[in-house]
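Following: one structure in structure tokens, then a few remarks.
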There are 2 protein chains.
Amino acid sequence: MRPNQINIIYKGDCAKRLAEETRFPKNSIDLIITSPPYADRRKTTYGGIHGDKYVEWFLPISKELYRILKTNGSFVMNIKENVEGGERQTYVLELILSLKEQGWLWTEEYCWYKKNCHPGKWINRFRDSWERCLHFTKNKRFKMYQDSVKVPIGDWSKRRFKSMTNKDFVRTISGTKSKFGRNVSNWLNKRKVYPHNVLDFENEHYIEPTTMVHFATACSNRNHSAAFPLELPSWFMKLFTRKGDIILDPFMGIGTTGMAAVLLERNYMGIEISGEYVREARNNIKKVKRFRKTKLH
Amino acid sequence: MRPNQINIIYKGDCAKRLAEETRFPKNSIDLIITSPPYADRRKTTYGGIHGDKYVEWFLPISKELYRILKTNGSFVMNIKENVEGGERQTYVLELILSLKEQGWLWTEEYCWYKKNCHPGKWINRFRDSWERCLHFTKNKRFKMYQDSVKVPIGDWSKRRFKSMTNKDFVRTISGTKSKFGRNVSNWLNKRKVYPHNVLDFENEHYIEPTTMVHFATACSNRNHSAAFPLELPSWFMKLFTRKGDIILDPFMGIGTTGMAAVLLERNYMGIEISGEYVREARNNIKKVKRFRKTKLH
DNA sequence: AGCTCTTATGAATCATTGA
DNA sequence: GTCAATGATTCATAAGAGC
């Protein structure tokens, strides 16, 4: 069965919304990707779930997610435990163990390496520049389209570098965009390889650059910062779905997942408890749709 | 109390060795850094501890480690759970929870991003290119010398050196006659910033390049590859200890921790169960000592 | 000595085969 | 069936040979 409506955002508490079986029939979603509220964050909307209560709060939601996900689908959760009392909290670890008891397979943990992380200075730690992207599935075999996220081959193609003189180095450093850059990028495009499980979006261009640039200029929303950037859901969508598949984000926020889905010609479904976020998400997605029509076709 | 001997490697099972109180008095070690055998690895030496038994096996060891670590010391464990039956194993998660019950504070989880990870291609996952470096302490306040691991920053420098191996880097600067060499010296004196909690040794050079290069040429051991490269223990040593401090590796292997300690003028202690590894570790450390005398002084 | 090119090999994982 | 051993797959680095 298919959901009775797709490409829609429902306002409400996702535990309740997900239980509506005509809207969310079993085995109907190809990919669930979300960044749930972290413990003690988003206090206004979700009442600031404490770390001690986090697993208890999440399990009814993940039970519904398990029901509605296709047997060959994937569930990707972007999360990072915050620090409390000088220690990393343990609720993410406990959540992984509990999800396994619920029937989920903990297939992989991707590392999202974000170099431009939040600023700050503490005496007992450095800035946190990575987050977990937990990959759960219902079965050992699931849909995975690895070719769609291939990246240019690594820099060991520096045989190219070695043939260069010191002059070339200096010119590269001083000159902004010399022919050096173009040559190398040409060379690199000759061969593509599979990526690994650290997502480093600053170095690699997983979204087609032209699409990305056009889009960035077309819809720039500085008012609110997304929980995750467009690249993150886009990467997993390309990896685990094909065009026309249905992708769900039960904590839709300002609609980043929906925007990525539209750009990649997938169908989205979203749930969001905050009315303000719902409005903004709908608006953002509308902008993306308009952009796709005008610029890409 | 101080250990009755330092700069020594004991052969034996570390659970038993650590209990010898004259050799390992309580509150006597400044930093414990180790990469314990991963589950089902190193079968010949450690009997291949299975994931199900891993926590049970490790807890008696960590109990002794807690006893001998100074109250302001740190315990850094490099580990990564492997895949079994298509899923990531959970023994590392369980170990973290159990260590907390034992009294340890789980202060931080650093991510070691290793780009030269094992090759391979599978239908359900990509290559694993990161490992956990779990940071445990006995107290909220502990010794941390953040300034000692600051990294040079520069708009061009990072981009420039990203694609160079240490060897290239060293070779390049050693030709100081060139203009490029002078540029590099400038780079070394540039403004420095604090790193973050992703260790990315390809991009940053945490060991002084000259030391690094001289050493690489002086002692190259092909026979055995270290579990972790010299940079990893070096980085944590600089961060959590000062010259003259005592550093313990209860799973010494071929002595990488000891080599780093000698290079950084710290004292080391090690335990290793394999006689062959003990010999090689002693030999490696001897080489480093000789190197330090001849090349650096 | 310095550069180019070749070759070997990693804390891996999965499917298949054989006991 | 269950478990163990083997082969296939793959990318980046470093050592070694040759000029």
Side-chain angles (χ1 to χ4, degrees), chain A residues 105 107-108 139-142 144 146-147 150-166 168 188 190-198 203-204, chain B residues 34-46 48-51 54 77-89 91-92 112-133 162-172 174-175 177-178 200-203 212-213 215-232 251 253-254 256 274 277:
Chain A
L105 303 184
T107 298
E108 180 58 305
N139 289 290
K140 287 185 187 178
R141 301 299 288 265
F142 49 88
M144 192 176 195
Q146 301 190 351
D147 287 341
K150 274 187 157 182
V151 293
I153 198 165
D155 292 329
W156 53 271
S157 52
K158 59 185 174 300
R159 266 187 262 273
R160 176 73 182 78
F161 286 110
K162 282 181 184 165
S163 63
M164 297 176 68
T165 62
N166 279 339
D168 288 314
L188 288 177
K190 280 186 181 169
R191 205 175 132 201
K192 288 193 162 191
V193 298
Y194 295 104
H196 40 61
N197 64 356
V198 173
N203 282 351
E204 324 290 358
Chain B
T34 194
S35 190
Y38 300 1
D40 293 324
R41 306 285 171 197
R42 286 185 71 175
K43 284 195 183 160
T44 51
T45 48
Y46 284 97
I49 307 108
H50 191 270
Y54 198 88
M77 178 166 35
N78 162 233
I79 197 165
K80 181 66 182 263
E81 64 277 7
N82 50 313
V83 172
E84 189 176 276
E87 280 186 281
R88 286 275 159 209
Q89 291 191 269
Y91 67 89
V92 176
W112 173 28
Y113 180 16
K114 32 178 226 174
K115 288 180 184 148
N116 58 338
C117 55
H118 202 90
K121 167 86 171 68
W122 310 278
I123 58 166
N124 56 351
R125 66 187 62 253
F126 291 130
R127 300 190 297 148
D128 190 9
S129 64
W130 66 287
E131 298 195 4
R132 309 178 192 280
C133 292
K162 200 178 67 180
S163 55
M164 295 180 75
T165 63
N166 276 331
K167 209 173 178 183
D168 289 324
F169 179 71
V170 170
R171 193 189 303 152
T172 315
S174 55
K177 286 170 282 184
S178 70
D200 186 355
F201 297 116
E202 265 185 60
N203 284 351
M212 195 62 191
V213 173
F215 172 73
T217 52
C219 352
S220 68
N221 43 314
R222 283 171 269 149
N223 298 339
H224 295 264
S225 66
F228 43 61
L230 215 48
E231 283 100 333
L232 193 73
F251 301 94
I254 60 165
T256 315
S274 150
Y277 280 171

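As the structure is a prediction and not an experimental result, all values here were calculated from the model. Throughout, protein chains are lettered first and strands after them, A, B, ... in sequence-line order, and every chain is numbered starting at 1.
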When rounded to whole Å, the CD to P distance for the pair Gln89(B) and dA11(C) reads 18 Å
Whole-Å distance, Asn116(B) CG to dA15(D) P, equals 13 Å
From NZ of Lys115(B) across to P of dA14(D) the rounded distance in Å is 13 Å
Side chain to side chain donor-acceptor pair (under 3.5 Å) filter on Asn78(B), not counting sequence neighbours, yields Ser35(B), Tyr38(B), Glu131(B)
5'-most contact on DNA chain C (nearest-nucleotide basis), Arg125(B) vs Asn78(B), goes to Asn78(B)
Whole-Å distance, Tyr113(B) OH to dC11(D) P, equals 15 Å
Whole-Å distance, Phe126(B) CZ to dC11(D) C1', equals 14 Å
task = Could you check whether Ile123(B) gets within reach of a base, just the sugar-phosphate, or nothing at all, counting any heavy atom under 4.0 Å?
result = sugar-phosphate
Residue set satisfying side-chain contact (heavy atoms from CB on, under 4.5 Å) with Lys140(A), at least two apart, ordered chain then number -> Leu105(A)
With 3.5 Å as the limit, what N/O pairs link the protein to nucleotides 7-10 of chain D?
{"unit_1": "dT10(D)", "atom_1": "O2", "unit_2": "Gly120(B)", "atom_2": "N", "d": "3.2"}

Ring pair (Phe, Tyr, Trp, His ring centres under 6.0 Å) filter on Tyr54(B), not counting sequence neighbours, yields Trp57(B), Tyr91(B)
The salt bridge (Lys or Arg N to Asp or Glu O under 4.0 Å) partners of Arg125(B) (sequence neighbours excluded) come to Glu108(A)
Rounded to whole Å, CD of Gln146(A) lies from P of dT13(C) at a distance of 14 Å
Self-check item: Side chain proximity check, Trp122(B) to Met144(A), heavy atoms < 4.5 angstrom
Solution: no
In whole angstroms, the gap separating P of dC3(D) from NE2 of His50(B) amounts to 10 Å
To the nearest angstrom, the CD-P distance between Glu108(A) and dT13(C) comes to 8 Å
Glu87(B) meets the salt bridge (Lys or Arg N to Asp or Glu O under 4.0 Å) criterion, sequence neighbours left out, with Lys100(A)
Query raised in the report: Does dT13(C) have OP1 or OP2 sitting under 4.0 Å from an N or O in the side chain of Asn124(B)?
Result: no
The residue, Glu84(B) or Cys117(B), whose nearest nucleotide of DNA chain C is more 5′ is Cys117(B)
For DNA chain C, the dot-bracket notation using Watson-Crick and G-U wobble pairs below 3.5 Å, [ ] for pseudoknot-type crossings and | for other-strand pairs, is .|||||||||.||||||||
